Amino acid sequence: MNDLIRIYNTLTKRKEELIPLKEGWVRMYVCGPTVYGLIHIGNARPATVFDAFRRYLEYRGYKVIMVQNFTDIDDKIINKANEMGVDPQKLADTFIAEYFRDAHDLGIRPANFHPKTTDYIKEIIDMVQGLVDKGYAYVTKSGDVYFEVRKFEKYGKLSGKKIDDLVAGARVEPGEEKKDPLDFALWKSAKPGEPSWSSPWGEGRPGWHIECSAMSTALLGGSFDIHAGGEDLIFPHHENEKAQSEALHGECFAKYWMHNGMIRMTGEKMSKSLGNIFLVRNALKVFGRDAIRLFILSKHYRSPIDFSENILMDNKKAAERVWESLEKFESRYEEVPIPKYDSWMNERVEEFKEILDDDFNTPEAVALVFDLVKELNKAMDNSDEEKALKAYQLIKREFGPVLGLFDLSRERKELGKEKELIEILVDIRSKLREEKKFDLADEIRNRLSGVGVILKDSKDGTSWSVKS
RNA sequence: GGCGGCGUGGCCAAGCGGUCAAAGGCGGGGGUCUGCAAAAUCCCUAUUCGUGGGUUCGAAUCCCACCGCCGCCUCCA
């Protein structure tokens, strides 16, 4: 068995063994959102998937340095800020804060660095200047700087496009002074009223693509291991990043490129500009963290997913079932002990690795977790404590934390006095049952069920849970 | 038009040449447990993988054609 992780590399269009540039270390850069609104489910996919992938890399023994950026200056931010009559930077900073809130609630760990474009203006300017000096970029009369695509022979390799095919569709916006329609802006001269920074070419602001090149270089070096993001970024964003970085540094920019598929809403890509979005915050409220993570991780990261509330609901039921079992087991202990790893456990661990080593096949890994839940339930039914503990350990403490599933505490409604009231009713009902007054006992159960409190009788007494 | 991807049970979704008469989740049917339920558990729920050809001893998995869907080529995760 090969013990290397294999991932699909967009650059070479096949699965490759992951061999980091620096042994034992993986440096990865994930493209984050442009912050001018709350994040939607589509934004949640790369965040969830690549966070889980990073956890898996760590699980497999790598030291990982992960960077995820925020684009905090661009046209959409400026427009939105103008609409609202607030400062663009305030707007961006606000939605960065909101991003962290949603990401945290989704169980996404922060990256090691979360750079924002406006903190790297100096690096960006240096990089643009470097490209001008090397002859890959040119400055126009009005102070724009463009990257000259035809100067970079490898242009199009990542996205699989030929320069000549692109020309037909390329557009030149009015007022642009490009030598070639394909050329893209590294630096844009400031329009009145826009935020701007001084540069050798006058007041202006960075183009979209240069920020990622500058920030990844600053934090990870000119050459690093993995660059990731949504597949809609392959062209032009990643193609351009790669071109400008490699033109300047003369070395391979990112060795592996990973791209996640889109989430679709009624057959179309979910996207802010199309307006067909479902906010993470709302989804969290209705379905909960684990349902959303299950929804995302139950499908291979490179395939598109159709979003629907029904599917979220199915995943919510599945997540709740798992929680029921875990909590039932936990209720037997003050502190759940750690089992001795035996061959059965080690085999499950090997399976788990084998599955995820193959291009991060999370759907199969999720299936393995569900198999273990079944083992846990069966063992509990058979009073096989040892076996139950082993299954529990793997689900809750080993595999769950890698996938970010069932690892945080369960989200449920806060119960204050209600809890005590429910327990009073349950106690009284138990007495009625002892006296075989089942009519009244059933009425209590039914009426509690009507308000979402589910009672379960067993030989050890009655337990209850609140349906969320 | 160019480039890329997808089509598996009622729904979601793995599998990508034999161990597949196809994993896992949701749903449905039946049994066990229970005072009755709920939960759990056991069994059943695709002789078949968009359609038609082909390659092969052997295909859901490879090739060709066709049908349908989607992404990128413009901001987007």
Side-chain angles (χ1 to χ4, degrees), chain A residues 10 13 30-34 36 39-50 68 71 74-76 79 156 159-162 164-171 173 182 208 228-237 239 259-264 267-274 277 294-295 297-300 302-306 308 310-322 324-325 328 355 358 361-374 376-382 433-434 436-439 441-442 445-446 449 454-459 462-465:
Chain A
T10 307
K13 292 172 183 52
V30 182
C31 277
T34 301
Y36 66 105
I39 56 166
H40 60 260
I41 294 287
N43 298 308
R45 170 121 97 150
T48 304
V49 163
F50 295 120
Q68 188 195 47
T71 299
D74 94 319
D75 290 344
K76 289 186 300 277
N79 293 154
S159 54
K161 297 191 185 299
K162 294 188 203 76
D164 294 323
D165 293 339
L166 286 167
V167 177
R171 289 197 317 212
E173 298 293 333
L182 293 177
W208 177 33
E231 68 181 1
D232 54 350
L233 297 181
I234 296 173
F235 190 89
H237 188 230
E239 190 71 66
H259 295 280
N260 64 273
M262 296 294 101
I263 290 188
R264 297 190 300 218
E268 273 184 315
K269 182 171 94 173
M270 182 183 291
S271 115
K272 256 183 281 202
S273 35
L274 289 170
I277 59 171
L294 220 38
F295 166 72
L297 296 172
S298 290
K299 177 113 184 180
H300 186 89
R302 286 192 282 118
S303 310
I305 312 184
D306 281 301
S308 87
N310 285 342
I311 294 162
L312 256 303
M313 204 57 202
D314 290 349
N315 283 109
K316 180 182 179 171
K317 285 177 195 155
E320 264 165 15
R321 220 190 82 207
V322 175
E324 288 292 319
S325 300
K328 184 173 166 192
I355 288 166
D358 185 10
N361 190 339
T362 56
E364 259 194 81
V366 168
L368 176 60
V369 170
F370 276 101
D371 284 338
L372 289 168
V373 171
K374 183 168 252 183
L376 170 64
N377 286 326
K378 220 190 300 187
M380 285 195 286
D381 276 6
N382 298 336
R433 290 180 66 223
E434 274 164 33
K436 307 247 184 276
K437 291 180 179 159
F438 294 120
D439 289 358
D442 288 352
R445 186 175 60 198
N446 290 151
S449 162
I454 309 300
L455 302 191
K456 293 168 204 164
D457 298 324
S458 74
K459 12 201 146 9
T462 300
S463 66
W464 58 274
S465 58

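By convention in this document, chain letters (A, B, ...) are assigned in the order of the sequence lines, proteins followed by strands, and residues within each chain are numbered from 1. Side-chain atoms are counted along with the backbone in the values below, which use heavy atoms only and exclude waters and symmetry mates. Since this is a predicted model, take the numbers as computed values, not measurements.
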Exercise. Rounded to the nearest angstrom, tell me the gap between atom CG in A/Asp306 and atom C1' in B/C11.
Key: 12 Å

Quiz item: Honestly, is A/Lys316 close enough over A/Phe295, meaning NZ or CZ under 6.0 Å from the six-membered ring centre and within 45° of the axis?
Solution: no

Quiz item: Quick one: ring pair (Phe, Tyr, Trp, His ring centres under 6.0 Å) partners of A/His300, sequence neighbours excluded?
Solution: none

Quiz item: Is there a Watson-Crick or G-U wobble partner for B/U41 with both distances under 3.5 Å, and if so, which one is it?
Solution: B/G31

Quiz item: Which one is paired to B/G9, where only Watson-Crick or G-U wobble pairs with both distances under 3.5 angstrom count?
Solution: none

Quiz item: Is A/Phe235 close to A/Leu166 at the side-chain level, that is, under 4.5 Å between some pair of heavy atoms?
Solution: yes

Self-check item: A/Lys269 NZ - B/C70 C1' separation (whole Å)
Solution: 11 Å

Self-check item: Rounded distance in Å - CD1 (A/Ile355) to C1' (B/A14)
Solution: 10 Å

Quiz item: With rounding to whole Å, what would you report as the distance between B/C66 and B/G1 at their P atoms?
Solution: 12 Å

Practice problem: Please state how far atom CE in A/Met380 lies from atom C1' in B/A40, giving the value in whole angstrom units. | Solution: 8 Å

Quiz item: Taking the side chain of A/Pro236 as its heavy atoms from C-beta onward, which of B/G24, B/C73, B/A77 lies nearest to it?
Solution: B/C73

Practice problem: Assign A/Ser298 to base, sugar-phosphate, or nothing according to its heavy-atom contacts below 4.0 angstrom with the strands shown. | Solution: sugar-phosphate

Quiz prompt | Heavy-atom pair with the smallest gap, counting every atom of A/Met262 and A/Glu231 | solution = CE-N, 3.5 Å

Exercise. Looking at every strand, decide which applies to A/Lys299 at a 4.0 Å heavy-atom threshold: base, sugar-phosphate, or nothing.
Key: sugar-phosphate

Quiz item: Does A/Met270 reach the side chain of A/His40, with side-chain heavy atoms less than 4.5 Å apart?
Solution: yes

Quiz item: For B/A59, what is the paired nucleotide under Watson-Crick or G-U wobble rules, both distances under 3.5 Å?
Solution: none

Quiz item: Can you tell me how far P of B/C69 sits from CE of A/Met262, to the nearest Å?
Solution: 21 Å

Quiz item: Using atom P of each nucleotide, how far apart are B/U48 and B/A59 to the nearest Å?
Solution: 14 Å

Self-check item: Upstream residue (5' side of RNA chain B) when A/Phe370 and A/Ser271 are each assigned their closest nucleotide
Solution: A/Phe370

Practice problem: Please state how far atom CZ in A/Arg45 lies from atom P in B/G71, giving the value in whole angstrom units. | Solution: 14 Å

Self-check item: Non-hydrogen side-chain atoms of A/Glu239 and A/Ile234 separated by less than 4.5 Å
Solution: no

Quiz item: With a 4.0 Å cut-off on heavy atoms, is A/Leu274 in touch with a base, just the backbone sugar-phosphate, or nothing at all?
Solution: nothing

Quiz item: Given that both distances must come in under 3.5 Å, which nucleotide forms a Watson-Crick or G-U wobble pair with B/A77?
Solution: none

Quiz item: What is the pairing partner of B/C72, taking Watson-Crick or G-U wobble pairs with both distances under 3.5 Å in any strand?
Solution: B/G2

Quiz item: Side chains of A/Leu274 and A/Ser271: closer than 4.5 Å at any heavy-atom pair?
Solution: yes

Quiz item: Across all strands, who's sitting opposite B/A65 as a Watson-Crick or G-U wobble pair, both distances under 3.5 Å?
Solution: B/U51

Self-check item: Atom pair distance, as rounded to whole Å: CE in A/Met313 and P in B/C12
Solution: 18 Å

Quiz item: Any side-chain heavy atom of A/Leu455 within less than 4.5 Å of one from A/Ser449?
Solution: no

Self-check item: Sugar-phosphate, base or nothing in reach of A/Met270, heavy atoms under 4.0 Å
Solution: base

Quiz item: If you measure from the P atom in B/U45 to the same atom in B/A23, how many Å do you get, rounded?
Solution: 10 Å

Quiz item: In whole angstrom, what separates A/Leu368's CG from B/G24's P?
Solution: 12 Å

Exercise. In whole angstrom, give me the gap between the C1' atoms of B/U8 and B/C49.
Key: 4 Å

Quiz item: Is the closest side-chain heavy-atom distance between A/Asn260 and A/Arg302 below 4.5 Å?
Solution: no

Quiz item: Given the C1' atoms of B/C33 and B/C43, what is the spacing between them in whole Å?
Solution: 15 Å

Practice problem: Under 4.0 Å between any heavy atoms, over every strand shown, what does A/Gly261 touch: base, sugar-phosphate, or nothing? Just pick one. | Solution: base

Quiz item: At under 4.0 Å between heavy atoms, what does A/Asn382 touch on the DNA or RNA strands: base, sugar-phosphate, or nothing?
Solution: nothing

Self-check item: Straight-line distance of A/Lys374 NZ to A/Leu376 CG, nearest 0.5 Å
Solution: 13.0 Å

Self-check item: Between B/G18 and B/A77 - P atom distance, rounded Å
Solution: 40 Å

Quiz item: Under 4.0 Å between a side-chain N/O of A/Asn377 and OP1 or OP2 of B/A40, yes or no?
Solution: no

Quiz item: Across the strands shown, which category fits A/Thr34 at heavy-atom distances under 4.0 angstrom: base, sugar-phosphate, nothing?
Solution: sugar-phosphate

Quiz item: On a whole-Å scale, what distance lies between the C1' atoms belonging to B/U61 and B/U19?
Solution: 15 Å

Quiz item: Any sub-3.5 Å donor-acceptor pair from A/Glu364's side-chain atoms to A/Ile355's backbone N or O?
Solution: no

Quiz prompt | Under the side chain to side chain contact (heavy atoms under 4.5 Å, CB included) test, residues paired with A/Asp371 that sit two or more places apart | solution = none

Practice problem: Would you mind building the protein contact string for nucleotides 27-39 of chain B? One character per nucleotide, 5' to 3', B for base within reach (heavy atoms under 4.0 Å), S for sugar-phosphate only, - for untouched. | Solution: S-------BBBB-

Report, one pair per line, the protein and nucleotides 3-5 of chain B atoms (nitrogen or oxygen only) whose separation is under 3.5 Å.
unit_1, atom_1, unit_2, atom_2, d
B/C3, O2', A/Gly160, O, 3.3

Quiz item: Any ion pair linking A/Arg445 and A/Asp442 (charged N to carboxylate O, less than 4.0 Å)?
Solution: yes

Between the protein and nucleotides 15-20 of chain B, are there any N/O to N/O pairs under 3.5 Å, and if so, what are the atom names and distances?
unit_1, atom_1, unit_2, atom_2, d
B/G15, OP1, A/Asn361, ND2, 2.8

Quiz item: Looking at residues at least two apart in the chain, or sitting in another chain, which of them share a ring pair (Phe, Tyr, Trp, His ring centres under 6.0 Å) with A/His259?
Solution: A/His238

Self-check item: Whole-angstrom distance between B/G9 and B/G27, as gauged at atom C1'
Solution: 12 Å

Practice problem: Compare all side-chain heavy atoms of A/Arg433 with those of A/Asp457 and state whether any distance is below 4.5 angstrom. | Solution: yes

